[in-house]
Amino acid sequence: MSSDPAGFDPAAHLPDDLLDRIRERAPIHDRENTFPEQDLAELRDAGYLKILVPAERGGAGLGLEQAAILQQRLATASPATALSINMHLVWTGVAKVFSDRGVPGLEFVQDGAVAGEVFAFGISEGGNDLVLFGSDTDAVPHPDGSYAFTGTKIFTSLAPVWTKLGLHGLDTTSDDAPKLVFAFVDRTDVVTTSDDWDTLGMRATQSRTTRLDGAIAPASQVVRRIDPGPSPDPIIFGIFSVFELLLASVYTGIARRALDLAVATVQKRTSKKTGLAYSQDPDIRWRIADMSLAYDALPPQIAALARDVDEQVDNGARWFTLLSGTKHRAVVMAKHVVDQAILTAGGGSYFSSNELSRLYRDVLAGMFHPSDPESAHSTAASALLGPLEG
C-alpha cells in the first residue's frame with residue numbers, strides 16, 4: 001500500500017515485520033476464539049493507540065485521513081485486530097474532532113491513550129435501532145454531577161482488555177429530561193463481561209456482551225448531555241464520522257488482501273489443459289480486473305471524506321449520506337472482491353485453513369455494523385426525496 005502524496009509513510013507506524021507477526025497470529029486467534037493480546041501489546045509499544053492524539057499531548061499527531069490508511073494496512077494482516085483497535089481509535093478520533101473545533105471535554109481521552117488506557121465502544125444495544133439517537137440504558141444522575149449507568153451493551157469489542165468504556169444512556173429523571181448522556185466508566189465489579197463471543201467471523205475481536213449495574217461515570221468523564229434524536233452536536237458528528245470512515249477502512253483493507261491473494265495464487269498455478277499459468281487465462285484475467293476496478297474506487301473516497309473531517313469542511317446535511325454511503329459501499333465492495341477472489345483461487349480456498357476462507361467469514365460482519373444497508377438507503381432516500389409522509 002503506497003504512501004499518500006504528502007509523504008506520509010504508513011510503514012513508519014506499522015512496520016512490515018510487525019504486520020507479518022500479526023498476520024501469523026491471526027489464524028490462531030480465529031481458530032481458538034481468543035483475543036490477540038500480543039497484537040495489542042506490540043501495537044501499544046509502537047505508539048499505535050495514540051496515533052490520533054496531538055503531538056503536543058504526546059501522540060503521533062496524525063489526522064483521520066492517515067489513520068484510515070493505517071487501518072486499511074492493519075486489516076490486510078488481521079481484520080479482527082484492526083476492527084477491535086478501531087473502537088479505541090473511534091474515541092481518540094472523536095477527541096480529535098473536539099479539540100480541532102475548540103470543543104472541550106475529551107482531553108482525558110487523549111491523555112489516557114498516551115498513558116496506555118484502552119478505550120472501548122459501548123453504544124450498541126440489542127433491539128435498539130436508534131443506535132446513537134436513543135438508548136435503553138438508564139443513566140441516573142447523582143448530586144456531584146456523576147451518573148450511574150444500568151443496562152446491557154452488545155458487540156463490545158476489546159472486551160477482555162478495555163480499561164474505559166465510552167457509552168451512552170438515557171436520563172429520564174432530571175428536570176430537563178429526557179437527555180442522552182455520553183460518558184465513560186471504568187471496569188469495576190458492577191461491570192460484567194459475558195463470555196459469549198462465538199461467531200462465524202471476526203472472532204478475535206471478542207466483542208462480548210457487557211452488563212452494567214450502576215456503573216459510575218464521574219462528573220469529569222460525563223462528556224455530553226443532549227436531546228434524544230438526530231442532532232448536530234459534536235458528539236454525534238464526531239462518533240458518526242470517525243466510526244463510519246474507520247469501518248470503511250477495515251473492510252477496504254480486507255478487499256486489498258483478498259485481491260493480493262488472488263493475484264499471487266493465479267500467478268503460481270498452471271493449467272493442465274493449456275500448460276500456461278492461470279494468470280494467462282482470459283476469464284481469470286477479467287475476474288482479477290473486475291476485483292481491482294471495484295476496489296480502486298474506495299481508498300480515494302475514504303481519503304477525501306477523512307480529509308474533509310480533518311480540515312473541518314462544511315458538508316452540511318450531506319455529511320450523513322456521504323458517511324453512511326461510503327461505509328455501505330466499502331462493505332459491499334469488499335464482499336464482492338472476496339467472493340471473486342475465492343472463485344479465482346479455486347477449491348483450495350474452501351478449506352478452513354486457507355486465509356481466503358477466513359476473509360470470507362470476516363467480511364460478512366460488515367453488514368451488521370451501523371449504518372446497515374437499510375439505514376444507509378433510508379438516509380440517502382430522505383436526502384433526495386425528503387422524509388416519509390405521515
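We're numbering straight along the sequence, starting at 1.
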Original post:
Is there a side-chain contact between L74 and L43 (heavy atoms, below 4.5 Å)?
Top reply: yes
**OP:** Fit a plane to each ring of H369 and F243, take the angle between them on a 0 to 90° scale, and name the class: parallel (under 30°), tilted (30 to 60°) or perpendicular (over 60°).
**Re:** perpendicular
Original post:
How about Y360: does its OH atom have over 12 heavy atoms from other parts shown lying under 6.0 Å from it?
Top reply: no
Subject >> N/O donor-acceptor pair under 3.5 Å between Q312 side chain and D100 backbone >> reply: yes
Original post:
Ring centroid separation for H88 and Y48, is it under 6.0 angstrom?
Top reply: no
Original post:
F155 and F368: aromatic ring centres closer than 6.0 Å?
Top reply: no
Subject >> Under 3.5 Å: donor-acceptor pair, side chain of Q38, backbone of I22 >> reply: no
**OP:** Taking the six-membered ring for Trp and the full ring for Phe, Tyr or His, determine whether the centres of W91 and F184 are under 6.0 Å apart.
**Re:** yes
Subject >> Audit row: R256, Q72, side chain to side chain contact (heavy atoms under 4.5 Å, CB included) steps and yes/no >> reply: CA-CA 8 Å; R256 176 74 256 180; Q72 291 171 54; over 6 Å; no
Original post:
Run the side chain to side chain contact (heavy atoms under 4.5 Å, CB included) check on Q206 and V161 step by step: do they pass?
Top reply: CA-CA 10 Å; Q206 289 301 299; V161 297; over 6 Å; no
Subject >> From CA spacing to verdict: side chain to side chain contact (heavy atoms under 4.5 Å, CB included), E37, H29 >> reply: CA-CA 10 Å; E37 301 215 20; H29 292 298; over 6 Å; no
Subject >> D20 and R23: CA distance, side-chain angles, deciding distance, salt bridge (Lys or Arg N to Asp or Glu O under 4.0 Å) verdict >> reply: CA-CA 5 Å; D20 288 342; R23 181 172 291 116; 3.7 Å; yes
**OP:** Give the intermediate values and the outcome of side chain to side chain donor-acceptor pair (under 3.5 Å) for residues S194 and R211.
**Re:** CA-CA 8 Å; S194 302; R211 293 182 174 83; 2.4 Å; yes
**OP:** Look at D233 together with R225 and state whether they make a salt bridge at an N to O cut-off of under 4.0 Å.
**Re:** no
**OP:** Count the heavy atoms of every other residue, nucleotide or ligand shown that sit under 6.0 Å from CG of L388, and state whether that count exceeds 12.
**Re:** no
Subject >> Heavy atoms from other residues, nucleotides or ligands near NE2 of H142 exceed 12 (cutoff 6.0 Å) >> reply: yes
**OP:** State yes or no: do I254 and L364 share one hydrophobic cluster built from I, L, V, M, F, W and Y residues joined by side-chain heavy-atom distances below 4.5 Å, directly or via other members?
**Re:** no
Subject >> Reference residue R318; test side chain to side chain contact (heavy atoms under 4.5 Å, CB included); the match among D314, L322, T321 >> reply: L322
Original post:
Tell me, do L49 and L40 make a side-chain contact under 4.5 Å, heavy atoms counted?
Top reply: yes
**OP:** Taking the side chain as every heavy atom from C-beta outward, state whether L62 and H13 have any atom pair closer than 4.5 Å.
**Re:** yes
Original post:
Are V53 and V109 connected, step by step, through hydrophobic side chains (Ile, Leu, Val, Met, Phe, Trp, Tyr) whose heavy atoms are closer than 4.5 Å?
Top reply: no
Original post:
Is there a side chain to side chain donor-acceptor pair (under 3.5 Å) between D186 and T188 once you walk through the steps?
Top reply: CA-CA 6 Å; D186 296 328; T188 64; over 6 Å; no
Subject >> Residue pair L83 / Y251, side-chain heavy-atom distance below 4.5 Å >> reply: yes
Original post:
Do any N or O atoms from the side chain of S382 and from the backbone of T379 form a donor-acceptor pair under 3.5 angstrom?
Top reply: no
Original post:
Under 3.5 Å, side chain of T205 to main-chain N/O of A80, donor-acceptor pair present?
Top reply: no
**OP:** Kindly indicate whether the side chain of L64, heavy atoms from C-beta on, has any atom under 4.5 Å from the side chain of V242.
**Re:** yes
**OP:** May I ask you to test the H328-H377 pair for a side-chain heavy-atom distance under 4.5 Å?
**Re:** yes
Original post:
Is any NZ, NE, NH1 or NH2 atom of the basic residue among D283 and R287 found under 4.0 Å from an Asp or Glu carboxylate oxygen of the other?
Top reply: no
Original post:
With no hydrogens and no angle check, do the side chains of E125 and S135 hold a donor and an acceptor under 3.5 Å apart?
Top reply: yes
Original post:
Are P54 and Q110 side-chain neighbours, meaning at least one heavy-atom pair lies under 4.5 Å?
Top reply: yes
Original post:
Are I216 and F108 connected in a single hydrophobic cluster, I mean Ile/Leu/Val/Met/Phe/Trp/Tyr linked by side-chain heavy atoms less than 4.5 Å apart?
Top reply: no
Subject >> Under 3.5 Å: donor-acceptor pair, side chain of H336, backbone of M291 >> reply: no
